[in-house]
Amino acid sequence: MRTAEFERRTGVNRRLLRYYEEQGLLSPGRTSGGYREYEESDVLKVRHIRNLLAAGLSTATIADLLPCMGKDGDDLIADCPELLLDLHRERARIQAAIHELETARTTLDAVIATAPPETERAARALLLP
DNA sequence: ATTCTCACA
DNA sequence: TGTGAGCA
C-alpha cells in the first residue's frame with residue numbers, strides 16, 4: 001500500500017512516518033516511480049513503535065528492538081541478549097528520573113508548607129475552578 | 001491525481 | 001513540524 005492508505009491505517013501522518021523512516025524504524029520499498037510502498041506488517045510495526053515511544057524509549061533503541069519482535073505476531077521478545085541490556089539500561093534511566101522528580105516534589109512541598117494559610121487557600125481557589 | 005524532496009516572510 | 005514550490 002502507498003502513503004495515503006498507510007497514513008489512514010496507522011493514523012500517523014506522512015511527516016511523522018518519514019521521520020520514523022529517517023530514524024531507521026521503517027524502511028518501505030519504492031515503486032519504480034519513487035513512491036513509498038508499505039507492507040501490511042508495517043501497520044502493526046507502527047503500533048509497536050508508538051507504544052515503545054510512549055514507554056520512553058529512544059528511536060535508536062527502538063530501531064534495535066524492532067527486529068527482535070515476532071515477525072508477524074504481537075509483541076514478545078524472542079532471543080536478543082544484547083538488547084535486554086539496553087532495555088535494562090532504559091529502565092534504570094526511568095527509575096532515576098522518577099527519583100529526581102520525587103525529590104523535586106519533596107522540595108516543592110517544603111516550600112509550599114511555608115506559605116501562610118490564607119495565601120494557600122487563595123492559591124487553591126485559583127487552581128480548582 | 002498523488003507523492004516526492006527540499007527549503008523557509 | 002507545517003506549508004508551498006516544482007517534479008515525475
Side-chain angles (χ1 to χ4, degrees):
Chain A
M1 74 189 85
R2 289 194 327 213
T3 305
E5 187 183 350
F6 194 63
E7 191 175 26
R8 284 190 296 95
R9 299 281 306 275
T10 63
V12 177
N13 63 299
R14 351 188 139 198
R15 190 71 154 77
L16 198 47
L17 253 12
R18 288 196 210 127
Y19 176 68
Y20 291 162
E21 189 177 331
E22 286 181 306
Q23 301 304 300
L25 273 35
L26 241 34
S27 6
R30 295 288 182 140
T31 65
S32 43
Y35 291 2
R36 265 166 267 253
E37 188 68 23
Y38 294 95
E39 298 301 319
E40 181 61 38
S41 61
D42 288 332
V43 175
L44 183 61
K45 201 170 192 178
V46 169
R47 281 200 62 73
H48 288 151
I49 291 172
R50 306 214 64 191
N51 285 153
L52 265 12
L53 244 20
L57 296 185
S58 67
T59 54
T61 68
I62 292 177
D64 296 332
L65 183 58
L66 284 178
C68 290
M69 302 204 292
K71 178 65 178 177
D72 48 284
D74 288 305
D75 42 26
L76 276 182
I77 300 175
D79 44 280
C80 293
E82 210 283 330
L83 238 298
L84 219 48
L85 187 77
D86 280 2
L87 260 30
H88 276 102
R89 175 182 136 279
E90 278 301 315
R91 188 185 192 288
R93 200 178 60 76
I94 291 173
Q95 187 60 56
I98 288 174
H99 284 142
E100 286 177 12
L101 285 173
E102 284 178 334
T103 71
R105 182 185 56 189
T106 299
T107 299
L108 284 180
D109 284 343
V111 174
I112 289 172
T114 279
E118 69 273 25
T119 303
E120 175 66 25
R121 273 187 289 96
R124 286 184 187 288
L126 253 43
L127 194 62
L128 295 178

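Letters A, B, ... are given to chains in the order of the sequence lines, protein chains preceding strands, and every chain is numbered from 1.
Between the A:E7 side chain and the A:R14 main chain, a donor and an acceptor come within less than 3.5 Å of each other. A:D42 places a side-chain N or O within 3.5 Å of a backbone atom of A:E39 that can act as its donor or acceptor partner.
One can place OH of A:Y19 at 19 Å from P of B:dC4, the figure rounded to the nearest angstrom. Distance, A:R18 CZ to B:dA7 C1': 13 Å, rounded to whole Å. Atom C1' of nucleotide B:dT3 and atom CZ of A:F6 are separated by 15 Å, given to the nearest angstrom. Rounding to whole angstrom units, CG of residue A:L16 and C1' of C:dT3 are separated by 17 Å. Residue A:L17 contributes atom CG, which lies 13 Å from atom P of C:dT1 at whole-angstrom precision. As rounded to whole Å, 13 Å separates atom P of B:dC4 from atom CG of A:N13. Atom pair A:E7:CD and C:dG2:C1' shows a separation of 13 Å (rounding to whole Å applied). Taking atom OH on A:Y38 and atom C1' on B:dT2, their separation rounds to 14 Å, with Å as the unit.
In this structure, A:R2 and A:R30 both approach DNA chain B, and ranking their closest nucleotides by distance from the 5' end singles out A:R2. Heavy-atom nearest nucleotides on DNA chain B were determined for A:Y35 and for A:R15, and the one closer to the 5' end corresponds to A:Y35.
Within the 4.0 angstrom heavy-atom criterion, no nucleotide atom of any strand lies near A:G33.
Between A:R18 and A:E22 there is no salt bridge, since no side-chain nitrogen of the basic residue lies less than 4.0 Å from a carboxylate oxygen of the acidic one. A salt bridge links A:E90 and A:R93; the closest N-O separation between the charged side-chain nitrogens and carboxylate oxygens is under 4.0 Å.
Linking ILVMFWY residues whenever their side-chain heavy atoms come closer than 4.5 Å, directly or via other members, places A:M1 and A:I49 in the same cluster.
Here B:dC6 sits opposite C:dG4 as a Watson-Crick or G-U wobble pair (both hydrogen-bonding atom distances under 3.5 Å).
Contact annotation: A:R36 does not reach the phosphate of B:dT3 (side-chain N/O to OP1 or OP2, under 4.0 Å). Between A:T3 and B:dT2, a side-chain N or O to OP1/OP2 separation shorter than 4.0 Å is absent.
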